[in-house]
There are 2 protein chains.
Amino acid sequence: MNTKLTVREQVLDHAITLMMLRGYNGFSYRDLSELVGVKTSSIHYYFPSKDDLVLEAVKQYSDEVVQALQAVDPALPADQKLAMYTRFFGKTLGDGNQICLCGMLAADIETLPEAVREAVQAFFRTNETWLAKVLAQGVKEGTLVARGKPESAARTLFAALQGSVLASRLFHTKTRLEDVEAMWKAAP
Amino acid sequence: MNTKLTVREQVLDHAITLMMLRGYNGFSYRDLSELVGVKTSSIHYYFPSKDDLVLEAVKQYSDEVVQALQAVDPALPADQKLAMYTRFFGKTLGDGNQICLCGMLAADIETLPEAVREAVQAFFRTNETWLAKVLAQGVKEGTLVARGKPESAARTLFAALQGSVLASRLFHTKTRLEDVEAMWKAAP
DNA sequence: GTCTATACATGGATAGAC
DNA sequence: GTCTATCCATGTATAGAC
């Protein structure tokens, strides 16, 4: 059991949540201070600058997503893999109107240091690569449809998912995310 | 000729540009003050609060886009309409790494007043409606492909375009936007 | 590690002179 | 309309005591 989180872990978790809600420029050390219950100077002890904090946040978030992808049973049919992925992608919407951290940081990217850009790029590539394999499998099986190369189809699919969580939150509905999934599923 | 812009117009134009680059929480009255060459108090004269400013910005931006859509020759084949739209959508990328204002504000939406949310929603709907008509035309002509209803296909296409400008800027490449367009074009 | 205290810049906003 | 002057809150960050 790991019920007791260290201060550092709590800070990082709240930072991720806040950024997924309001973006990098929409939260402060003070917000974290109030949420965790320590002074801002204590947070600076763990994360000297906000740049350090966001970089660690991206790393942790990426690791969590990678683990979730690896946890998907390879034996499943591709359409079920995509359904799981879509559900996972939209989960944080219901949790509190949050969108993918790396989608959000992509919007804020021009205000962030180069190291963060590289980390976010790596996240994009990891997801796109995973989706490309799922699409290739789905085409072979006949459970999914994808025009052109799986790689470019995967980039388009990933972009559509990122755009759709944005729209889903904007309109307070999840149907836009479901529209995307339906578009890649083979007709029954 | 309309070469001389009023202070108000200059402020609004720069506000739009800055928000497309850094987001709502990534620019200040001081930034605008330096760009336009007037004091921040003068900007407050035209836009009492930042909320007023962003609302006016969305309205002007929307009007400009609506005009551009109306300027598209209805007699064109649908694939050419989509090509124009995609080019238009990605134009600001080359101008200075800017993305669609309303895509950016959708990311910042949880920090913005309700009136802005409604204005951004209206922008999304306008674009999706226009794209739905283009898709319907394209399917009939055989120049575009769209699975399912044109309306839901248009929502997915619009989301894919929004997600792709984000990714294009992130990776410093426009190919991701082109991937999207190719996916909806009929095979030659 | 966490605190108090504080520095110092930034940011939104207003009052009142011109 | 635009300015000066100013207010006050916020935000990042650091020094040094405990």
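Bear in mind the structure is a predicted one, so any value in this text is a computation, not a measurement.
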Candidates dT12(D), dA13(C), dA5(C) - which lies nearest the side chain of R30(A):
dT12(D)
Salt bridge check: are R155(B) and D179(A) linked by an N-O gap of less than 4.0 Å?
yes
Taking dT14(D), dG1(C), dG12(C) as options, the one with an atom nearest any side-chain atom of Y45(A) is dG1(C)
Would you kindly compare Y46(A) and D51(B) by the position of their nearest DNA chain C nucleotide and give the one closer to the 5′ end?
Y46(A)
Under 3.5 Å, is there an N or O donor on one side and an acceptor on the other linking the side chain of S49(A) and the base of dT12(D)?
no
Check the pair F123(A) / Y61(A) against ring-ring contact (aromatic ring centres under 6.0 Å, His included), numbers first and verdict last.
CA-CA 9 Å; F123(A) 178 88; Y61(A) 181 82; 5.6 Å; yes
Heavy atoms from C-beta onward define the side chain here; which of dC3(C), dT4(D), dT12(D) lies closest to that of Y29(A)?
dT12(D)
Gap between atoms CZ and C1', on R8(B) and dT2(D) respectively (whole Å)
16 Å
Please give, in whole Å, the distance from dA13(D) P to H44(A) NE2?
5 Å
Classify the side chain of S28(A) and the base of dT12(D) as holding, or not holding, a donor-acceptor pair under 3.5 Å.
no
Determine, for R125(B) against E128(B), whether the closest basic-nitrogen to carboxylate-oxygen distance falls under 4.0 angstrom.
no
Counting any heavy atom closer than 4.0 Å, what does K50(B) reach on the DNA or RNA strands: base, sugar-phosphate only, or nothing?
sugar-phosphate
